[in-house]
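The next block holds one structure in the form of structure tokens; read it before the comments.
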2 protein chains.
Amino acid sequence: MNTIPAFTRAEPDARRASLIAAAAQVLARHGVAGTSVRAIAVQAGVSPGLVGHYFDGIDALIAETYAHVEAQVAAAIDAAVASAGPDPRARLDAFVTASFAPPVASPDLLATWIAFWSLVPSRPAIAGQHDEQYAQFRARVEGLLGDCGLARERQRLAAIAITALVDGLWLELCLSPHAFSAQEAGGIARANLDALLR
Amino acid sequence: MNTIPAFTRAEPDARRASLIAAAAQVLARHGVAGTSVRAIAVQAGVSPGLVGHYFDGIDALIAETYAHVEAQVAAAIDAAVASAGPDPRARLDAFVTASFAPPVASPDLLATWIAFWSLVPSRPAIAGQHDEQYAQFRARVEGLLGDCGLARERQRLAAIAITALVDGLWLELCLSPHAFSAQEAGGIARANLDALLR
DNA sequence: AAGCTTGTTGGACAAATGTACAACAAGCGT
DNA sequence: ACGCTTGTTGTACATTTGTCCAACAAGCTT
């Protein structure tokens, strides 16, 4: 007499969310090579066939997982900015500091980014998603820079520079955490902002 | 009467090099997902079994491919620096300009980088290789900065900053080439050097 | 020539992959 | 109670994956 309910119906949105969360965990734990439909299904406690029912192939699931993790990252950064108070420069500093602290700068997120990046060149739809999310991120930086009084015509390039610097430091911090510290990364980024806003 | 020689013996080093070149081409053309032992063997005009004879698994081949492409990139940058003449600042400018021009900034190289990065978290040996090559790259930047008169105690963090900025711009340039131009990337990097060396 | 070493082949092998699909179970409206 | 819709299961399927290995071919030594 098996009393384990092998069949449990969930709210569609909740099921989608749990599959996305499972995909993020598998990517973090087993890397890109260890991520498959079956591994995700096991992690979610669900039959493998269900993945195909909710997502149009595993690439689509990875793309949605990236979007979800990206949103979490953005939320964590926004929260740090919000708790920094009204001073524009303090908000900018909070932005970069949060970028190099958990849960944003975490090797666990790296595999999700890499899996997504690997799909960009061959999938036009995913390339479009990347462009969109990159533009959103840059727009937030532009806003923070504008609040600090940076002239409008300089905002675009300045935001590109800060975004690239933060991304480069973030990537290196995840790939080899011993080359430099999160504090050093934050110091570099803040010094860069000083120069940019002078 | 098939006159095609199905069996041609090659110098071991030449064969290794041709397999690495084939791996780089497959990565560039078919992306990470389309790269397999068989695809590489076909590209090299060689039997699949030969890959295992020269490399200790496909991960080792990818790691060596990365090292090879990295060396090519470093050579291209060094050539640009050398042809810039003796002025230290001109050499630094040549360094960043070359970083955003072909053949360094090319979407073809992206897949090789991504394939290598995906191996870093799970393979300690590959993580070590990454640390080493990253340190080499940074050391070159430190040298160029020192030639420009940057104080020794500031060289390390400055090199980390420039490396991260260039990497971030390079990555974004490969992922979405329409967000900004190579000229803009070069301008950003040179402006950053101005601020750093002031 | 004969034998030995070694690069090379081509296929075998088990394991893993993504997807498709028939069957089933649960909740809902009637 | 009944049927209908739909989330869910489990498996089957054809491919593809990385690795292994016995056989073979070329060159070198003797």
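All values below come from the heavy atoms of this structure, side chains included, with hydrogens, waters and symmetry mates left out. Labels below follow one simple rule: chain letters A, B, ... track the order of the sequence lines, proteins then strands, and each chain is numbered from 1.
- Residues from residues 44-61 of chain A with heavy atoms under 4.0 angstrom of DNA chain C, sorted by number: A/Gly49, A/Gly57, A/Ile58.
- Within the 4.0 angstrom heavy-atom criterion, only backbone atoms of the sugar-phosphate kind lie near B/Arg15; the bases stay farther away.
- For the pair A/Arg38 CZ and C/dA20 C1', the interatomic distance rounds to 12 Å; values are reported in whole Å.
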Could you go step by step and tell me if A/Asp78 and A/Arg140 meet the salt bridge (charged side-chain N to carboxylate O under 4.0 Å, His left out) rule?
-> CA-CA 9 Å; A/Asp78 284 349; A/Arg140 264 203 302 275; 3.7 Å; yes

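- Electrostatic pairing of A/Asp147 and A/Arg91 does not count as a salt bridge here, judged by no charged N lying under 4.0 Å from a carboxylate O.
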Take B/Arg89 and B/Asp194, measure what salt bridge (charged side-chain N to carboxylate O under 4.0 Å, His left out) needs, and give me the verdict at the end.
-> CA-CA 9 Å; B/Arg89 181 54 209 264; B/Asp194 285 336; 2.7 Å; yes

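- Between A/Ile40 atom CD1 and C/dT19 atom P the separation is 11 Å, expressed in whole Å.
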Could you go through the side-chain hydrogen bond (donor to acceptor under 3.5 Å, both in side chains) check for A/Gln155 and A/Glu142 one step at a time?
-> CA-CA 6 Å; A/Gln155 285 176 16; A/Glu142 283 185 21; over 6 Å; no

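- We find that B/Arg156 and A/Glu184 are joined by a salt bridge, their nearest charged nitrogen and carboxylate oxygen being less than 4.0 Å apart.
- Between C/dT17 and A/Ser36, a contact under 4.0 Å exists linking OP1 or OP2 to a side-chain N or O.
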Apply the test side-chain contact (heavy atoms from CB on, under 4.5 Å) to residues B/Tyr134 and B/Thr163: give CA-CA distance (whole Å), side-chain angles for both, the deciding distance (0.1 Å), then the verdict.
-> CA-CA 9 Å; B/Tyr134 174 73; B/Thr163 303; 3.7 Å; yes

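- If you measure from atom CD1 of A/Ile62 to atom P of C/dG18, you get 8 Å, rounded to the nearest angstrom.
- Between B/Tyr66 and B/Phe116, the two ring planes are parallel [angle under 30°; tilted spans 30° to 60°].
- The distance between the ring centers of B/Trp170 and B/Trp113 falls below 6.0 angstrom.
- One end of the helix from C/dA1-D/dT30 to C/dT30-D/dA1 points its axis 10° away from the other end's axis, with each axis taken from 5 pairs and the angle rounded to 10°.
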